[in-house]
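Report on one structure; see the data block that follows.
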2 protein chains.
Amino acid sequence: MGRLSRARVLDAALALADRDGIAKLSMRRLGAELGVEAMTLYYYVPNKDAVLDGLVERIVASVAPRPSGPRAVWMGEFAHAFRAELLRHPAVVPLVATRPVATPEALAAVERAAAALVAEGLAPLRAFQLLNAVTTFVIGHTLAELDPEGARSRHEPPVATAELPCLAQALAAGLGTRADHDERFEAAIKALLAGIE
Amino acid sequence: MGRLSRARVLDAALALADRDGIAKLSMRRLGAELGVEAMTLYYYVPNKDAVLDGLVERIVASVAPRPSGPRAVWMGEFAHAFRAELLRHPAVVPLVATRPVATPEALAAVERAAAALVAEGLAPLRAFQLLNAVTTFVIGHTLAELDPEGARSRHEPPVATAELPCLAQALAAGLGTRADHDERFEAAIKALLAGIE
DNA sequence: TGACCATTTTTACGCTGTAAGACAAGCTGT
DNA sequence: ACAGCTTGTCTTACAGCGTAAAAATGGTCA
């Protein structure tokens, strides 16, 4: 195992969160994962919040819109890519949803994305508004997509459908399946992009 | 102060969360708020998660769509009402975003909302899809709206605009102001509802 | 009085983030 | 070679957390 670094700490944190869930991501566990005592991490990172901010950074910096051709098209592609990345790291989604983009690297990534839109002719304000509308929507949708899994694993009773006939029918008709989510995401992002021309 | 009950525990929890933030909502503090030891709460609530689920229940049960006339209209009104309620309890928004609707009361409220749509002629699956699309969007948007406040209060440097020219310009042009959020919410929900006809 | 009961408190355990300081190893300048 | 500084790690400690288990309290009824 090579030398420690902020990057390696974040790598381990992301792996640990993906494997065991964010709840299990403690400084002691993270240290153990790296073969080191908890306090050692504080040499590379000011505190735990910085680790969480780092995880958000990892996700945010890993996707970017690539403008070319009709805006609704590449914006749609960006939305899909962002959603895919979020689904790849389900444990981190609540962090992305909850914490503002905070680290310099993450802010720089956002700036780069906005700059690309500005280069396409948008005003800076419009660029951020567009980016914001899409990311905000993707995060909201993905959060809703994730919840069920966590809920089911908590305890058996999937849902007391006895006195919830509408819900029971909807579930039987495919509500909450992967296909349902995909389809709804597709429809909603299309509507959103079409409406914000 | 009258007798304790689950309802009064949740009242106190909501008040405490609104006043001091969810981070400060601990069983001991909540007990103190009610003039009682922490462990006493466990007589009214199985564990802390149940308290958090209860907070979600409070929010979810406090708004409902009221179908009458063109769907896009009352759905828009529902979206606005939901957003207003979320903004009234900013500290709870991350919970609503993150935790599935879990308590019987909350599930019943959702069922009631869906039943109202079904009574309007929608298939149960469509009813939930529509509800889901709107609530999901509102939650996502409101989360993004809230983040900045929390971020600013953490420490002074609002943002290093030096090397983030696009962001700086956008901020100067009004990005992130209340008016900006209101306007974007309005535009996006309209687009969404128009596109899911 | 004594037994039952609902409610509350006490005590305790293992876990958390992290402040403060000790410690070891390597590099530098003399 | 020696001293001293830097870099990295570990030790110890503290206050707080959620909550299991058991004990204490107080009221109501037989």
Item to complete: Round to the nearest Å and state the distance from B:Asn47 atom CG to D:dA20 atom P.
Response: 8 Å
Fill in: Polar side-chain atom of B:Lys24 near backbone of B:Arg29 as donor-acceptor pair, under 3.5 Å
no
Worksheet item: Using the ring of each side chain (for Trp, its six-membered ring), is B:Phe137 parallel, tilted or perpendicular to B:His141, with breaks at 30° and 60°?
Response: tilted
Item to complete: Round to a whole Å and report the spacing from CD of B:Glu37 to P of D:dT25.
Response: 14 Å
Item to complete: Report the nucleotide, chosen from C:dT7, D:dT9, C:dG17, that has the shortest atom-to-atom distance to any side-chain atom of A:Tyr42.
Response: C:dG17
Discussion item. So B:Thr40, base contact, sugar-phosphate only, or nothing? Heavy-atom distance under 4.0 Å.
Written reply: base
Practice prompt. Examine distances only and state if a side-chain atom of B:Thr135 and a backbone atom of B:Asn132 form a donor-acceptor pair shorter than 3.5 Å.
Written response: yes
Response to the item:
By nearest-heavy-atom nucleotide on DNA chain D, the more 5' of B:Leu25 and A:Val36 is A:Val36
Response to the item:
The nucleotide from C:dT10, C:dA12, C:dT16 with an atom nearest the side chain of B:Arg28 is C:dA12
Fill in: Interatomic distance where CE belongs to B:Met27 and P belongs to C:dT10 [whole Å]
17 Å
Discussion item. So does B:Trp74 get a backbone contact from the side chain of B:Arg66, meaning a donor-acceptor N/O pair under 3.5 Å?
Written reply: no
Worksheet item: Considering only side-chain heavy atoms of A:Met39, which listed nucleotide, D:dC10, D:dA20, D:dG8, is closest?
Response: D:dC10
Worksheet item: Can you tell me how far P of C:dT18 sits from OH of A:Tyr44, to the nearest Å?
Response: 18 Å
Fill in: Length of the CG-P vector between B:Leu34 and C:dT7, whole Å
15 Å
Discussion item. With a cut-off of less than 4.0 Å, is there a side-chain N or O of A:Arg3 near OP1 or OP2 of D:dT7?
Written reply: no
Worksheet entry | Heavy-atom donor-acceptor pair, B:Lys190 side chain to A:Gly195 backbone, under 3.5 Å | no
Fill in: Listed nucleotide nearest any side-chain atom of A:Ser26, set D:dT9, C:dT16, D:dT19
C:dT16
Item to complete: Please state how far atom CG in A:Leu41 lies from atom P in D:dG8, giving the value in whole angstrom units.
Response: 14 Å
Worksheet item: For A:Asp20 and C:dT16, what is the distance between atoms CG and P respectively, to the nearest whole Å?
Response: 12 Å
Worksheet, complete the sentence: A:Tyr43 has its side chain closest, among D:dG8, C:dT16, C:dT9, to D:dG8
